[in-house]
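Everything numeric here is computed off the predicted structure, so don't read it as measured data.
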Amino acid sequence: MFAKLKSSFFIDALKLQLTAPKGKNLRGVLKDDKGSVCSTIEKDISSEREELVWSGLNDLPYGRYTLELSHGEDEMRLNLIKRV
């Protein structure tokens with residue numbers, strides 16, 4: 001696992017703790033429960049331990065989401081819930 005969420009619940013932002021080799025690109029895709037892409041992010045990793053705040057998610061409707069992260073050949077999926 002190269003990323004850890006502070007919480008599986010979010011309101012307007014996601015906070016991720018990254019533990020990954022630096023120099024590679026991190027890509028994140030946030031999908032709703034129907035599989036539609038709601039938001040994407042790409043970031044170059046500059047240190048082996050880093051915190052990323054993915055903001056701008058306030059306009060998304062409440063419900064279940066899936067976060068798909070990829071870093072090089074590593075991939076992971078996390079289930080999330082947006083709440084009030």
| message | With side chain to side chain contact (heavy atoms under 4.5 Å, CB included) as the criterion, how do Asn25 and Glu42 come out once you've worked through the C-alpha distance, each side chain's angles and the decisive distance to 0.1 Å? | response | CA-CA 7 Å; Asn25 191 36; Glu42 289 195 28; 3.0 Å; yes
If I take atom [atom1] from residue [X] and atom [atom2] from residue [Y], how far apart are they, to the nearest 0.5 angstrom?
| X | Y | atom1 | atom2 | answer |
| --- | --- | --- | --- | --- |
| Gln17 | Lys6 | CD | NZ | 4.5 Å |
| Leu57 | Ile11 | CG | CD1 | 11.5 Å |
| Leu52 | Leu69 | CG | CG | 9.0 Å |
| Ser7 | Ile81 | OG | CD1 | 9.5 Å |
| Leu30 | Phe10 | CG | CZ | 5.5 Å |
| Tyr65 | Leu60 | OH | CG | 4.5 Å |

| query | Which one of Asp44, Ile45, Ile41 satisfies the side chain to side chain contact (heavy atoms under 4.5 Å, CB included) criterion with Leu26? | reply |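 When Asp44, Ile45, Ile41 are each tested with Leu26, the side chain to side chain contact (heavy atoms under 4.5 Å, CB included) holds only for Ile45.
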| request: Please report the closest heavy-atom contact between Ala13 and Ser55, naming both atoms and the distance. | output: CB-CA, 3.9 Å
| query | Side chain of Lys82, backbone of Asn58: donor and acceptor closer than 3.5 Å? | reply | yes
| query | Are any non-hydrogen side-chain atoms of Leu16 and Leu5 less than 4.5 angstrom apart? | reply |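 Sidechains of Leu5 and Leu16: in contact.
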| query | Is there side-chain contact between Asn79 and Thr66, with at least one heavy-atom pair below 4.5 Å? | reply | yes
| Shared ILVMFWY cluster between Trp54 and Met76, side chains joined below 4.5 angstrom? |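 Trp54 clusters together with Met76.
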